Amino acid sequence: MTVKVLYFAGLREAFGTGSEEIVFPGGVVTAGGLRDHIAGRGEPWAQLARARNLRCAVNQAMVGFDAVVQEGDEVAFFPPVTGG
Amino acid sequence: MTVKVLYFAGLREAFGTGSEEIVFPGGVVTAGGLRDHIAGRGEPWAQLARARNLRCAVNQAMVGFDAVVQEGDEVAFFPPVTGG
Amino acid sequence: MSISIQEADFDSGAEIATLTADSADAGAVASFVGLVRGGEIRAMTLEHYPGMTEKALAEIVAEARRRWELLGVRVIHRVGRLLPGERIVLVAVASTHRQAAFAACEFIMDYLKTRAPFWKREETTAGSRWVDARESDDEA
Amino acid sequence: MSISIQEADFDSGAEIATLTADSADAGAVASFVGLVRGGEIRAMTLEHYPGMTEKALAEIVAEARRRWELLGVRVIHRVGRLLPGERIVLVAVASTHRQAAFAACEFIMDYLKTRAPFWKREETTAGSRWVDARESDDEA
C-alpha cells in the first residue's frame, strides 16, 4: 500500500524533505510500524526511532503509535508542537 | 466665602447650567450645608435635597456630605456615575 | 501611559502599534474596544467631569501598573453624542506576557464601566433619559 | 468566524472594525496581538502543518463559541520568518458583553500558545535552533 508521509520542523530539516510517498508491503500497518519501517532505512531516518516525544498524526488528527494506517492515508511525524 | 459649584448629567440639565459661583456667608461649611443652602433657593434647586444617592466631590475627590468646604474650593454635585 | 478623553474617534490599530513601537520586550498587547450597541438605542451621549475623570483614570492605570508588570497602557474614552456602532472606548495594555496584559486590560475596563466618572444618556424611539447607575453595567 | 494562517502582516484595527461591522449587538471586542520579542532573538521562523493547523484552530474557536456567547471571532496567525517587533498573531472576539469577549480571547490565545500545531525556530547571535516544547510558553 502507499501512504503519504509528512515531516515537520527539525525532522523536515534533518531529512531534507517535508513529504514523501512510502510504499509498504501489505495492506495495514500501525503508525509505530510505519515509523520503524522508515527508521530502518538508516540515517538520517533512524532518528525517528530515537526521537524523544515523537508525535504522530493520521489524516490530520493526533494519534498514538498503535493507530492503524491504511492505503491512501496521510501520516505526519513531528516533534511536540511549540505553539504560535 | 466663594466656591465654584459644578453640576453634571441630569442636575446640569435641570438647572440649565453646569457651574456657578456661590457666595456663602462665613468661612467654612460642610458639603451637606452647601447643598442645603443651594436647595433652599427653591425649584429647580430644591431637587438637590430630594435626590436619591446624590454624590459630591470637593476639589475633584469624592467626599461625604460631612466634608469641609473652604474658600476657593471646587465642589461638584452629581448623580451616581454610570461608567463609560 | 497615555490617557485621552476626547470627542474624536480613534484608530485602534494605530494605537496598538504605537504602544509597542518603543519596547523590544513587548510581546503581548491585550486590548478592548467598546462600541455603542444598537437595538433600541438611537444614540448615546456621554458626559464626564473634566479634570476629575482624567485623574480617576490615571489613578486606576497607576494601580494596574502596581499590580502587573506592564510596558505600556493606552486609554481613550470618547464623550459627546455617539451613534450605534460607533467606538466609545479603547483600552490597550502591552506587557512581556499575555496573562498580565489580559488581566490589566480587564481590570481597567471593569473600573471604566462601573466606577469611572461618566454619565450616560440614552436616546430611544421613546425619548431620552439618563441611565441609572444600577443598570449601567448591563452593556458590553 | 474567520481563521487565516498567512505569511503577510495584518491590520489589527481594520480586523477589529470588520468584526463588528455587521452586528448591531456587538458592544465589546477583546483582542490580543502577539509580537516577536527582541532581546537575544534576531528572528523567529514559524512552521505549521497546512490543513491540520487550520482544522485545529477551527475546533478551538468552535469550542469557544460553545462556551461563551460570541458574535464574531477572527484569528490570524503568521508563519515564515519574522523579525523582532513584527506581529505574529491576532485574536479578536466580539460579544455583547466584555467578560465573554475577554474570556474567549484569552482561552483561544492559551490554546494557540501552547497546543496549536506550530513549530518555532529562533535565530540568535549564537545560531539557530528549534524551540523545545517545554520552554515555548515563556513568551508573550
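Being a predicted model, the structure only gives us computed values, none of them experimental. Within every chain, numbering begins at 1; the chains are lettered A, B, ... in the order of the sequence lines, protein sequences first and strands thereafter.
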Cut-off 4.5 Å, heavy atoms of chain B, and the answer for C:Leu112 is backbone
Evaluate the side-chain contact (heavy atoms from CB on, under 4.5 Å) criterion for residues C:Glu54 and C:Tyr49: first the C-alpha distance (whole Å), next the side-chain angles of each, then the deciding distance (0.1 Å), finally the verdict.
CA-CA 8 Å; C:Glu54 288 83 348; C:Tyr49 181 167; over 6 Å; no
Please tell me whether B:Tyr7 and B:Glu13 have a donor and an acceptor in their side chains that are separated by less than 3.5 angstrom.
no
Chain C contact via B:Arg55 - side chain, backbone, both or neither, heavy atoms under 4.5 Å:
neither
Under 3.5 Å, is there a donor-acceptor pair between the C:Arg74 and C:Ser4 side chains?
yes
What part of B:Asn53 gets closer than 4.5 Å to chain C, counting heavy atoms only: side chain, backbone, both or neither?
neither
For a salt bridge (charged side-chain N to carboxylate O under 4.0 Å, His left out) check, start with the C-alpha distance between B:Lys4 and B:Asp73, then their side-chain angles and the critical distance, and finish with the verdict.
CA-CA 6 Å; B:Lys4 186 178 183 189; B:Asp73 281 350; over 6 Å; no
Under 4.5 Å from any heavy atom of chain B, what part of C:Arg121 do you find: side chain, backbone, both or neither?
side chain
